[in-house]
Protein chains: 2
Amino acid sequence: MADLLYKTILKDLEKRIFNNEFPAKKLPDERTLTSQYGVSRSSIKRALNVLASEGIVFKKRGSGTFVNPLYLKNRSLFNYEGSNLGVTDSLRADGKKPGIKVLDFSVIPATKEMQTDLFLQEEDFVYQIRRLRLLDDQPVMIETGYIPIRIAPELSRTIVSGSIFNYLEDKKNQTVTKSFLSIEAQPSTKEDQELLGLTPQEPVGVMSGIFFLDDGTPFELSNMRLHYQYMKYNALVELK
Amino acid sequence: MADLLYKTILKDLEKRIFNNEFPAKKLPDERTLTSQYGVSRSSIKRALNVLASEGIVFKKRGSGTFVNPLYLKNRSLFNYEGSNLGVTDSLRADGKKPGIKVLDFSVIPATKEMQTDLFLQEEDFVYQIRRLRLLDDQPVMIETGYIPIRIAPELSRTIVSGSIFNYLEDKKNQTVTKSFLSIEAQPSTKEDQELLGLTPQEPVGVMSGIFFLDDGTPFELSNMRLHYQYMKYNALVELK
DNA sequence: TTTGAAAATTGATACGGTCCAATTTTTTGA
DNA sequence: TCAAAAAATTGGACCGTATCAATTTTCAAA
């Protein structure tokens, strides 16, 4: 995990900050840290940059590096991993038992939109996979995914009733590492209401986007309609 | 703008990628770029890292750096600035005329929650600012903000009917550069429906969080209830 | 022809250094 | 005493180098 030098320092600084070892809210300067840790200044800078990008510290040239006071005061607010929390994480979050019910598993020709988004040809086909996701047997999300046959020709209803991402990673040694997501709110449709147990007044959160493989290949076009109480997306936003 | 070396290279590579100067989708290796641009490898790496973090290229150790084919094919999908698009941006986006109607401007004692979030003392007071935001005279968002008096003691109803962020930047030379936001969907309340012109079936998008000043001081606790058609949040998510 | 080890390629991490720019502290001189 | 100038502090940008690790290519042995 922390085999990298800058990550080791990162973790250590994080721990020291949390243990309030810098009561003046000011970290030692970079050159001092360099000699304290016995590493080069670039490694220190790298660690500090990550801390800064996570909002844990902020730097001021000519002045020093300081602990974000809010980080100490109200740590629970800062419980994201990187700068974004993914879908899987947010579903995994609270230790509930996840379940999947396959609603539809079929093959259809790629629409125009899929062709551009998934980088396909006219004649290509895609799997259409509609699944209902449960947490502790409670339906929370309707997921409609489109995956090019070319990428995973051996997909089956059985595979699809588990985690497709895990299958890819275990059996084909391909990892899904990135996605472009668009997040919005919408009134619930009749179908939403039936499947997710919503009243007509209750909305769904919609997250739609593309998942990419390690090598940049677009892998899945996904549309997720979540029970509104289960969608909470946290982000660290930089205004530029 | 592009006075920094690595930024110049960044822009240039971006341009070359867009002009399809790398038809094999493969960029020259880092050492070649180093000599081509006549800069150090660290600058090249820095530029490439930004490109990679924006999803424009992806790197593979031992293999090379490649253009994300989707970036060329479907450029419109990638029209975000950094890795996240902020509120202001999304409201500014489509060239409509923004308007603000002040609903409430008062001073109240800080609640327990504000004390922790905004790093305040027991006896501190905050401005409570409720504003209705319009685009082309169409109401799109109800914004409730809490700002510590200590930070901006001279705030007035007049100032508040414009952009508070711009006021801070122009008059007090303080910039708001970061925020932690939580995004969710909720059924609309009676008030939402009246102010935003929604039916009871139509929801609101809720973005709530904290805005920070340049120096890390938490500046505003904000709760934004958006007409659901106006909330669209785009994010590049890294799954780890 | 095929397989598998060796070599070359290529990005990743880390070092240590120079110079610069923003800020704070100290000193100087009216 | 105090304001302006000088010096010290501190983070930022960039350079060039060494070593490592993942991947691809090459080439020899079976």
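Lettering of chains follows the sequences in order, A, B, ..., and the numbering in each one begins at 1.
The distance from the OG atom of A/Ser43 to the CG atom of A/Leu33 is 12.0 Å, given to the nearest 0.5 Å. Interatomic distance, B/Lys26 NZ to B/Lys60 NZ, rounded to the nearest 0.5 Å: 12.0 Å. Taking CZ from A/Arg133 and CD from A/Glu143, the interatomic distance works out to 4.5 Å, rounded to the nearest 0.5 Å. Residue A/Phe58 holds its CZ atom at 8.5 Å from OG of A/Ser63, rounded to the nearest 0.5 Å.
Geometrically, B/Lys25 does not engage B/Phe66 in a cation-pi contact defined by less than 6.0 Å to the ring centre and at most 45° from the axis. The cationic group of A/Arg157 does not satisfy the cation-pi geometry with A/Phe105, failing either the under 6.0 Å distance to the six-membered ring centre or the 45° limit from the ring axis.
Taking atom CZ of A/Arg31 as the reference point, atom P of C/dG17 lies 12 Å away to the nearest angstrom. Nucleotide D/dA21 holds its C1' atom 15 Å from the NZ atom of B/Lys60, rounded to whole Å. The CD atom of B/Glu30 sits 21 Å away from the P atom of C/dA8 (whole-angstrom rounding). Straight-line distance from the CG atom of A/Leu4 to the P atom of C/dG11: 18 Å, rounded to whole Å. Straight-line distance from the CZ atom of B/Phe58 to the P atom of C/dT10: 16 Å, rounded to whole Å. Across the protein-nucleic acid pair, A/Asn49 atom CG and D/dG12 atom P stand 7 Å apart, rounded to whole Å. Going from atom OH of A/Tyr37 over to atom P of C/dG16 covers 17 Å, rounded to whole Å. The nearest whole Å value for the distance from the CZ atom in A/Phe66 to the P atom in C/dT24 is 8 Å.
In this model, the phosphate group of D/dG12 is approached by a side-chain N or O of A/Lys59 to a distance below 4.0 Å at OP1 or OP2. Residue B/Arg41 has no polar side-chain atom (N or O) positioned under 4.0 Å from OP1 or OP2 of D/dG16. Under 4.0 angstrom from either OP1 or OP2 of C/dG11 there lies at least one side-chain N or O belonging to B/Thr65. The shortest distance between the side-chain N/O atoms of A/Ser63 and the OP1/OP2 oxygens of C/dT23 is not below 4.0 Å. Taking 4.0 angstrom as the limit, A/Lys45 places a side-chain polar atom (N or O) nearer than this to OP1 or OP2 of D/dG12.
For B/Arg46, the listed nucleotide lying nearest its side chain is D/dC14; candidates were C/dG16, C/dA21, D/dC14. Among D/dC14, C/dC15, D/dG11, the nucleotide with an atom closest to any side-chain atom of B/Leu5 is D/dC14. In the set D/dG12, C/dG11, D/dT10, D/dT10 carries the atom at the smallest distance from any side-chain atom of A/Lys26.
Residue B/Ser43 is classed as a sugar-phosphate contact, given heavy-atom separations below 4.0 Å to backbone atoms only.
Within the 4.5 Å cutoff, the side chain of A/Val57 has heavy atoms near those of the A/Ile17 side chain.
In the helix from C/dT1-D/dA30 to C/dA30-D/dT1, the end axes, each obtained as the rotation axis mapping the C1' atoms of four pairs onto the next four within a five-pair block, lie 0° apart to the nearest 10 degrees.
For the pair B/Asp29 and A/Ile44, both in contact range of DNA chain C, the more 5′-proximal nearest nucleotide belongs to B/Asp29.
Residues A/Asp12 and A/Tyr37 have side chains that bring a donor and an acceptor to within less than 3.5 angstrom of each other.
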